[in-house]
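Working notes, beginning with the structure itself.
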Protein chains: 2
Amino acid sequence: MTTRRDAVHDTLRRSEGFRSAQDVYAEMRLHGAKIGLTTVYRALQALADGGQVDVLRTDEGESVYRACASDTHHHHLVCRRCGRTVEVDGPAVERWAETVGSEHGFTEITHTVEVFGTCSSCSAPARTG
Amino acid sequence: MTTRRDAVHDTLRRSEGFRSAQDVYAEMRLHGAKIGLTTVYRALQALADGGQVDVLRTDEGESVYRACASDTHHHHLVCRRCGRTVEVDGPAVERWAETVGSEHGFTEITHTVEVFGTCSSCSAPARTG
DNA sequence: GGAGATTTTGACAATCATTTTCATTCTGCA
DNA sequence: TGCAGAATGAAAATGATTGTCAAAATCTCC
C-alpha cells in the first residue's frame, strides 16, 4: 500500500522548486489530505532512497526535496527568492571533479554542485525593498 | 577582547579537516580551556562572517568549520573517511556556473561545489572491512 | 584610581526539524 | 472471521543551534 507515498510524490510534482517536509505536509493538509507528519517524512526518505526525488540542504540545514524530470545525474540552478529550479547538466564539472580527485590520489569520487541566483521574474520587477 | 575567538581559531587551525562546533568545544575543554558552548558558536559564526573560516554542511545537517590557508574563493576535496581536506581551485567551474546562470536569466549567481572521495592513506591499506 | 557604561561570557532554557516509540489501523490471506 | 505483518500517526525524544539574562570583564571619561 503506497497510496500515501504516491500522494506525497504528487504534491512534490506540482511544485516548481524544492520543498521541505514541513512544506509538503502543510500543503497536503491544506488540500484536505489526511496524513501525518511522520508519514510525510518517511515517504520523502523512501522516495529519496529510491532516487525518485532529489534532496539538498538549505543554508538553515533543512532538507528540501524535488521531483525532478530527469532521472539521470544532474545539478540545479535554484532561484534564491522564489525557489524556481532549473535542472542543468555539467559534463565539464563532472570531469573536473574526477580530475581534481585523481590528482590528489582520491578515489570513489562524488561531488555536490548547486548554483543559486535570482531568476528573471524575481529580479525584473524592482519592487520596493 | 578577542581572546576566546583567537583560541577557537587556533583550535581550528590545528585540525586537518572540517570540525563541528561541538567538536571544537569538546577539544578545547579537553585541553583545559575554560569556555562555554555558546561562546564557541558565537566565535565560529563571527569567524565565518569575517571570512576567516569556511563553513559547510554535513549530510546530517551539522555545520562544520575549517580554517583554510587560502583566503580567496576555493573549493574542497574532502576525504569521506578521515576528513582530510585539500583546498582546490576550479576556474572552469566558476565560469560554468556563471554561464549556466546567465543562460537562464539568473543574476547574482553563487554556487556550492564540494568534492568527496577516499584519500590514498585511507584506501591504500585495505584493512578488514 | 574609580564610577558607570558597554561588551563579552556562559549556564540554562527555548526552538525547531527530524527521529523514535508504540499503540492502533489496515491489508492480504487462509 | 481471525491473524501476521506492514503502515500510520500522535506524542515524546533527540540533538544541534539560538535566545535569554545576569554576572564578569573591559573600556571611557573624569
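To find a chain, count down the sequence lines: A is the first, B the second, and so on, and within it residues start at 1. These values consider heavy atoms only, across backbone and side chains, with no hydrogens, waters or symmetry-generated copies.
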How long is the line joining [atom1] of [X] and [atom2] of [N], in whole Å?
{"X": "B:E60", "N": "D:dG15", "atom1": "CD", "atom2": "P", "value": "13 Å"}
{"X": "A:R19", "N": "C:dT18", "atom1": "CZ", "atom2": "P", "value": "14 Å"}
{"X": "B:L44", "N": "D:dA16", "atom1": "CG", "atom2": "C1'", "value": "13 Å"}
{"X": "A:E62", "N": "C:dA17", "atom1": "CD", "atom2": "P", "value": "6 Å"}
{"X": "A:Y41", "N": "D:dA11", "atom1": "OH", "atom2": "P", "value": "17 Å"}
{"X": "B:D59", "N": "C:dA17", "atom1": "CG", "atom2": "P", "value": "20 Å"}
{"X": "B:R4", "N": "D:dA25", "atom1": "CZ", "atom2": "P", "value": "9 Å"}
{"X": "B:R42", "N": "D:dA16", "atom1": "CZ", "atom2": "P", "value": "18 Å"}

Among the nucleotides C:dA17, D:dA10, D:dG19, whichever has the atom closest to the side chain of A:T38 is D:dA10
Taking C:dG10, D:dT18, C:dT18 as options, the one with an atom nearest any side-chain atom of B:Q45 is D:dT18
Assign B:S63 to base, sugar-phosphate, or nothing according to its heavy-atom contacts below 4.0 angstrom with the strands shown. sugar-phosphate
Value for CZ (A:R81) from OG (A:S123), rounded to nearest 0.5 Å, stands at 8.0 Å
| Hey, what's the ring geometry for B:H111 with B:H75, parallel, tilted or perpendicular (30° and 60° as the breaks)? | tilted
Within a 6.0 Å radius of atom CG on A:D59, are there more than 12 heavy atoms belonging to other residues, nucleotides or ligands?
no
**Item:** B:R19 versus B:T11, side-chain donor and acceptor atoms under 3.5 Å
**Value:** no
